[in-house]
Amino acid sequence: MTTTEMPDTLHRILDYSSRADPYPLYAELRETPVAPQEDGSYVVSTYREITELLHDPHLSSDVRNLSRPMPSAEGGTTPAFINLDPPEHDRLRRMAMRHFGPPHTPGLVTGLEPDLTAIVGGLIDDFAGKEQIDIVDDFAYPFPVTVICHLLGVPREDEPTFRLWVNDIINSIDYDPRTDPKEKLDNGVQARKALRQYLGGLLEQRHGRPGDDLLTRLANDDGPDGRMTDEEIISTANLLLIAGHETTVNLITNGMLTLLRHPEVLQRLRDEPDLVVPLVEELLRYEPPVHIIPWRAAYSDITLADTVIPKGSQIMLMLASGSRDPNRFHDPDHFDPDRRDNQHLGFGSGIHLCFGGPMARLEAQIALSELARRLDGPSLVADPPPYRRSPVLRGPIHLHIEQT
C-alpha cells in the first residue's frame, strides 16, 4: 500500500460510517506500520511500534512541542498532567496518586467494592417492569458517574449540568479543521471554561476544611512535593471527572454488547464468576473504550520501522489497531476470555498508563458479573447499535436490550 493510499484508509476510519466496525480498516492500516500523511503527521498502527513509542522519551504529550500549531479546545488553561511531560507530569501524577491508590491509600479501590456492588444492584433493581432496557442510559452511564462524583466530592445532583459540558468537550477532542465546523471547537473551549469554573467553585469551599473526598485532600495536602496550585487541582479534577466515567461507560457497554454477541461466554460467566477477571482484560484488548491517541509530538527525530519521523511532527497512535495486531496476538479477531498472553493497549502503556485503570477494571468486573447473573434471557434490539460520534472514545450511544 502506498503512502498516498494511507490517508484514505485513515479518513474512512474516522468517518462515522465505520464506527460500528473499524477493525477491517485497522488491518489495512497495519500494512504500513508508520504511515506518513499528507498534512505531515504520522499514523502508527502496529503493536510493536506503538509500544516502542509509548516508552520512548523522545515522544511528547505537550502540544507546545508540535512544530505546526494545532487548534485546541484547552483555551489557554493549565494542562492536566496527561498533557505534560516529565518532570512536571511525574510530579502532578505523583501528587494525585497519593490520594487515589498505593502506597498512601492502598485500600481505596478495593475498599469501594461493597459500595460499587450496591450501586449496581440498585440500578438493576430499577429495570423491573421495563419492556426494554438501555444499558447506556439506565446502567453504564449512571454507575461510574455516581462513583467518580463520590470520589472527587462533586455533587451527584449536578450531573445534568456537567454532562452537557463533558459532551461538548468529548466532541472537540477529535476536531479536524479540514472537515469540522469551527463551532465544534468553540463549544469545546466554552465547555472547558464552564467546567473549570464549576470545579473552581467547589474547590474554594474545600480549603482549610476536613473531608475524605479527593478535592478536599488535594486542597489541603502538603506532601513531599508540596501542594498543588488551585489551577493544577482544577486541571486534575477536570481530567479525573471526565476520564473517570467516559471510558468506563464504553468499557461496560462494549462488554455487554460483546457478551450478547457471544452467548456461550455469557453463560460461562454466569456459571464461572471468576471468569470475569480475564474476561475484562480480553474486552480491553478486543473492544477497548479508547481507540486512538489523537496526537503526540516528536521531541526530536524518531526512527521507527525504517521511517524517520521529523522533530515536531504530530503522531497519531491507533491503540485498538495495535491490540488486534496478528504479529502480537494469536487469532486477534477472536474474543477469547481464556487468553493468557494479553498485554493489551486498552489502558495505553508507559508513563501515561491510565491513572484510573484499577478502578475501571473493578467497576467493569462488578457491572458485567451482576448483569450476567441477574438479566433473564437478554437479547439485542438492534445489532449493530447506534454509536457515539467519536472515533477516539468509541462505544454505543445506546444499547437497547429485551429480556424474556
Side-chain angles (χ1 to χ4, degrees), residues 51 54-55 80-82 89-90 92-120 139-154 212-215 217-218 221 223 236-256 269 273-290 293 319-320 323 337 339-340 342-371 393 395:
T51 305
L54 289 174
H55 290 265
F81 59 77
I82 197 174
H89 162 272
D90 299 350
L92 292 171
R93 181 176 172 125
R94 190 166 57 240
M95 293 170 79
M97 186 62 79
R98 277 172 55 82
H99 309 286
F100 202 80
H104 304 286
T105 48
L108 175 66
V109 173
T110 54
L112 284 172
E113 187 167 349
D115 293 334
L116 302 183
T117 303
I119 295 169
V120 164
F139 186 82
Y141 179 80
F143 173 36
V145 165
T146 300
V147 174
I148 198 62
C149 283
H150 168 73
L151 284 172
L152 279 174
V154 172
D212 291 331
D213 62 83
L214 189 58
L215 269 175
R217 292 184 180 202
L218 290 175
D221 180 39
T236 300
N238 181 78
L239 168 65
L240 297 181
L241 178 62
I242 297 174
H245 74 272
E246 282 292 326
T247 54
T248 310
V249 173
N250 281 353
L251 178 57
I252 293 170
T253 308
N254 288 338
M256 197 60 206
L269 182 56
D274 290 345
L275 182 68
V276 75
V277 174
L279 184 146
V280 167
E281 295 309 303
E282 177 67 345
L283 285 170
L284 285 161
R285 184 199 69 82
Y286 182 80
E287 281 281 27
V290 180
I293 296 178
L319 298 182
S323 288
R339 191 180 296 274
R340 291 292 175 258
N342 198 1
Q343 296 296 314
H344 56 74
L345 298 172
F347 287 137
S349 188
I351 65 169
H352 290 287
L353 183 70
C354 179
F355 181 91
M359 180 64 72
R361 281 185 166 99
L362 183 61
E363 288 175 319
Q365 289 165 9
I366 292 172
L368 295 174
S369 292
E370 290 300 294
L371 286 171
L393 299 174

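Contact between Gly395 and Asn250 at its shortest, heavy atoms only, is CA-OD1, 3.6 Å. In this structure, Val249 and Pro144 approach most closely via the heavy-atom pair CG2-CG, 3.9 Å. When every heavy atom of Pro337 is checked against every heavy atom of Leu275, the shortest pair comes out as CB-CD1, 4.1 Å. For the pair His99 and Met95, the tightest heavy-atom approach, listed with the atom from each and the gap, is CD2-O, 3.5 Å. In plain terms, the two heavy atoms of Gly255 and Leu368 that are nearest each other are C-CD2, 4.0 Å. The two residues Gly346 and Ser323 have their closest heavy-atom pair at N-OG, 4.3 Å.
A distance of 10.0 Å separates CG of Leu215 from OG1 of Thr236, quoted to the nearest 0.5 Å. Within the model, atoms CE of Met359 and CG of Leu112 stand 4.5 Å from one another, a figure rounded to the nearest 0.5 Å. Annotation: the span from Leu54 atom CG to His352 atom NE2 amounts to 9.0 Å, rounded to 0.5 Å. Summarising the geometry, atom CG belonging to Asp213 is positioned 9.0 Å from atom CG belonging to Leu218; distances are rounded to the nearest 0.5 Å. One distance of note links CD1 of Ile366 with CG of Leu371; it measures 12.0 Å at 0.5 Å rounding. In this structure, the separation between CZ on Arg361 and CG on Leu283 is 12.0 Å, given to the nearest 0.5 Å.
No more than 12 heavy atoms of other residues, nucleotides or ligands lie within 6.0 Å of CG in Asp212, so this atom counts as exposed by the packing criterion.
In this structure, the side chains of Thr248 and Pro289 stay at 4.5 Å or more apart for every pair of heavy atoms. Phe139 has its side chain within reach of Val120: a pair of non-hydrogen atoms, C-beta onward, lies under 4.5 Å apart. Arg339 is not listed as a side-chain neighbour of Pro278, based on a closest heavy-atom distance of 4.5 Å or more. By the 4.5 Å heavy-atom criterion applied to side chains, Val154 and Ile148 are not counted as neighbours. Two residues are said to be in side-chain contact when any heavy atoms from C-beta on lie closer than 4.5 Å; Leu393 and Thr247 meet this criterion.
Annotation: side chain to side chain donor-acceptor pair (under 3.5 Å) contacts of Thr51 (sequence neighbours excluded): none. Partners of Tyr286 according to the ring pair (Phe, Tyr, Trp, His ring centres under 6.0 Å) rule, which considers only residues two or more places apart in sequence or in another chain, are Phe335.
Exactly one of Leu240, Ile242, Leu241 qualifies for a side chain to side chain contact (heavy atoms under 4.5 Å, CB included) with Asn238. That residue is Ile242. Considering Val145, Val147, Thr146 as possible partners of Phe143, the one that fulfils the side chain to side chain contact (heavy atoms under 4.5 Å, CB included) test is Val147.
Using cut-offs of 30° and 60° on the angle between ring planes, the pair Tyr141 and His245 is perpendicular.
The closest donor-acceptor contact from the side chain of Asp221 to the backbone of Arg217 lies at 3.5 Å or more, if one exists at all.
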